[in-house]
Amino acid sequence: MSNIAIFASGNGSNAEAIIKYFAEDSQDHVVLLLSNRRGAYALQRAANHGIESFVFDRQMLYDNTAELVAVLESHKVDLIVLAGFMMLMSTPIIELYRNRIVNIHPALLPKFGGKGMYGDHVHRAVIAACECESGITIHHVTEQYDDGATIFQARCPVAKDDTAESLAARIHTLEHEHYPRIIKQLL
Ligand code: GRF
């Protein structure tokens, strides 16, 4: 039996897909959603499903981590899942959860990753490079952006007339299909 905490900064469609998947699971549960943005729609989605949430700021993540660590420990969190989390995870949390933090990236790493490569920036770069396929990468989290070992990749075609929006929609479908079940496999 494992407890999952999700970190999300924005819309939270992946967070919700994971929450829904584990609502049906008798063993593993999403116990907490954490966000660095008070207005993140992900927080609303968590509330809609009765999932507790916690909002933190930059200082709590990087300088004064005791409160954040206490929140994770009081919820007996076993696995941290990043789902559209826009900050670099801090060293104390990485050390505490070594090999137990995963992220999803909306492209086929190692291509189109690193600092500044998030959201539509990724899809625009894929289209500008005339790639004929893109996809998703689920990977372990280290102190650098999009750098940890790959756990899983899935591919999808890039159409000639794709826009960042149409490609993002195709990638989101892939993410919602695979991220929850890969998390379950990891547990
Ligand atoms: C996803 O495309 C994910 O790959 C990336 O950020 C996006 C978050 O989307 N890390 P959402 O907030 O889950 O809708």
Side-chain angles (χ1 to χ4, degrees), residues 1-106 118-119 136-152 172 174-187:
M1 192 143 158
S2 299
N3 291 334
I4 302 162
I6 303 174
F7 281 63
S9 302
N11 180 29
S13 70
N14 277 284
E16 185 161 20
I18 296 162
I19 288 169
K20 281 184 174 166
Y21 181 97
F22 284 97
E24 306 290 318
D25 193 288
S26 58
Q27 285 186 313
D28 307 318
H29 301 287
V30 176
V31 292
L32 191 62
L33 185 134
L34 303 99
S35 185
N36 59 308
R37 281 191 49 226
R38 192 161 293 284
Y41 189 55
L43 290 166
Q44 184 60 53
R45 294 188 195 254
N48 292 345
H49 292 275
I51 302 290
E52 253 187 79
S53 59
F54 182 77
V55 177
F56 58 91
D57 60 19
R58 204 175 175 79
Q59 216 199 350
M60 286 166 78
L61 181 64
Y62 295 123
D63 305 324
N64 201 345
T65 50
E67 191 180 350
L68 194 54
V69 167
V71 169
L72 294 169
E73 289 186 336
S74 70
H75 286 81
K76 299 190 173 9
V77 170
D78 301 293
L79 182 77
I80 293 178
V81 170
L82 310 187
F85 181 54
M86 301 301 290
M87 298 176 83
L88 213 47
M89 188 44 87
S90 66
T91 305
I93 308 283
I94 290 178
E95 280 172 358
L96 196 63
Y97 284 91
R98 182 76 52 201
N99 294 321
R100 291 186 296 147
I101 312 178
V102 296
N103 181 43
I104 189 162
H105 184 77
Y118 59 89
I136 61 170
T137 304
I138 297 168
H139 63 93
H140 288 289
V141 169
T142 67
E143 280 90 343
Q144 268 116 50
Y145 283 112
D146 306 323
D147 174 61
T150 295
I151 298 164
F152 174 83
H172 262 119
L174 265 192
E175 292 184 329
H176 301 163
E177 180 187 344
H178 293 290
Y179 204 14
R181 80 176 180 81
I182 295 298
I183 293 165
K184 179 67 188 170
Q185 275 181 20
L186 282 172
L187 292 171

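Just so it is clear, the values below take in all heavy atoms, side chains as well, and ignore hydrogens, waters and symmetry mates. Everything numeric in this text was worked out from a predicted model, so none of it was measured.
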* Any donor-acceptor pair under 3.5 Å from S90 side chain to L61 backbone -> yes
* Using modelled atom types only, decide if a donor and an acceptor are shared between the side chain of D147 and the backbone of T142 within a distance under 3.5 Å. => no
* Structure fact -> When rounded to the nearest 0.5 Å, the distance separating CD of Q44 from CG of N11 is 12.0 Å
* **Distance-minimising heavy-atom pair for V31 and E52** => O-CB, 3.9 Å
* Any chance CD of E143 has more than 12 other-residue heavy atoms, nucleotides or ligands included, within less than 6.0 Å? -> yes
* To do: Could you label the plane-to-plane angle of the H176 and H172 rings as parallel, tilted or perpendicular, counting under 30° as parallel and over 60° as perpendicular?
  => tilted
* Determine whether I136 and H178 make a side-chain contact, defined as any pair of heavy atoms from C-beta on separated by less than 4.5 Å. => yes
* Is there a donor-acceptor pair under 3.5 Å between the side chain of S53 and the backbone N or O of L34? -> no
* Structure fact -> All heavy atoms of E175 vs all of N14, minimum pair found to be OE1-ND2, 2.9 Å
* To do: Begin with the C-alpha distance, continue with both residues' side-chain angles, and end with the deciding distance and a verdict on side-chain contact (heavy atoms from CB on, under 4.5 Å) for N36 and D57.
  => CA-CA 5 Å; N36 59 308; D57 60 19; over 6 Å; no
* Is I4 close to D78 at the side-chain level, that is, under 4.5 Å between some pair of heavy atoms? -> no
* To do: To the nearest 0.5 Å, tell me how far I183 CD1 sits from F22 CZ.
  => 5.5 Å
* Asked: Side chain of S35, backbone of A8: donor and acceptor closer than 3.5 Å?
  -> yes
* To do: Could you walk me through whether F54 and E67 pass the side-chain contact (heavy atoms from CB on, under 4.5 Å) test, one step at a time?
  => CA-CA 11 Å; F54 182 77; E67 191 180 350; 3.9 Å; yes
* Backbone of V77 reached by a side-chain donor or acceptor of Y97 within 3.5 Å -> yes
* Does a donor on one side chain sit under 3.5 Å from an acceptor on the other, for H29 and N3? -> no
* Check whether any side-chain heavy atom of S13 sits under 4.5 Å from a side-chain heavy atom of R45, and report yes or no. => yes
* Shortest non-hydrogen separation from I93 to I80 and the atoms involved -> CG2-CD1, 3.7 Å
* Any side-chain heavy atom of I138 sitting closer than 4.5 Å to one from N103? -> no
* Asked: Do I182 and V102 have side chains that get closer than 4.5 Å, going by heavy atoms?
  -> no
* In sequence, state the C-alpha distance, the side-chain angles, and the governing distance for L96 and E73, and then conclude on side-chain contact (heavy atoms from CB on, under 4.5 Å). => CA-CA 10 Å; L96 196 63; E73 289 186 336; 3.9 Å; yes
* **R100 side chain vs L79 backbone, donor-acceptor pair below 3.5 Å** => no
* Asked: Just how far is it from atom OH of Y145 to atom CE of M89, taken to the nearest 0.5 Å?
  -> 11.0 Å
* Asked: What distance separates I19 CD1 from N48 CG, expressed to the nearest 0.5 Å?
  -> 9.0 Å
* Between atom CG of L68 and atom CD of Q59, what is the distance when rounded to the nearest 0.5 Å? -> 12.0 Å
* To do: Go through the steps for L82 and I6 under the test side-chain contact (heavy atoms from CB on, under 4.5 Å), then give the verdict.
  => CA-CA 6 Å; L82 310 187; I6 303 174; over 6 Å; no
* Can you name the closest pair of heavy atoms from Y179 and A83 and give their distance? -> CE2-CB, 4.3 Å
* Asked: Should the pair F85 and F7 be assigned to parallel (<30°), tilted (30 to 60°) or perpendicular (>60°) ring geometry?
  -> perpendicular
* **R181 side chain reached by F152 side chain, heavy atoms, under 4.5 Å** => yes
* Determine yes or no for a side-chain-to-main-chain donor-acceptor pair under 3.5 angstrom, with T65 supplying the side chain and Y62 the backbone. => no
* Which heavy-atom pair separates I151 from H139 by the least distance, and what is that distance? -> CD1-C, 3.8 Å
* **Nearest heavy-atom neighbours spanning R37 and V55** => C-CG1, 4.5 Å
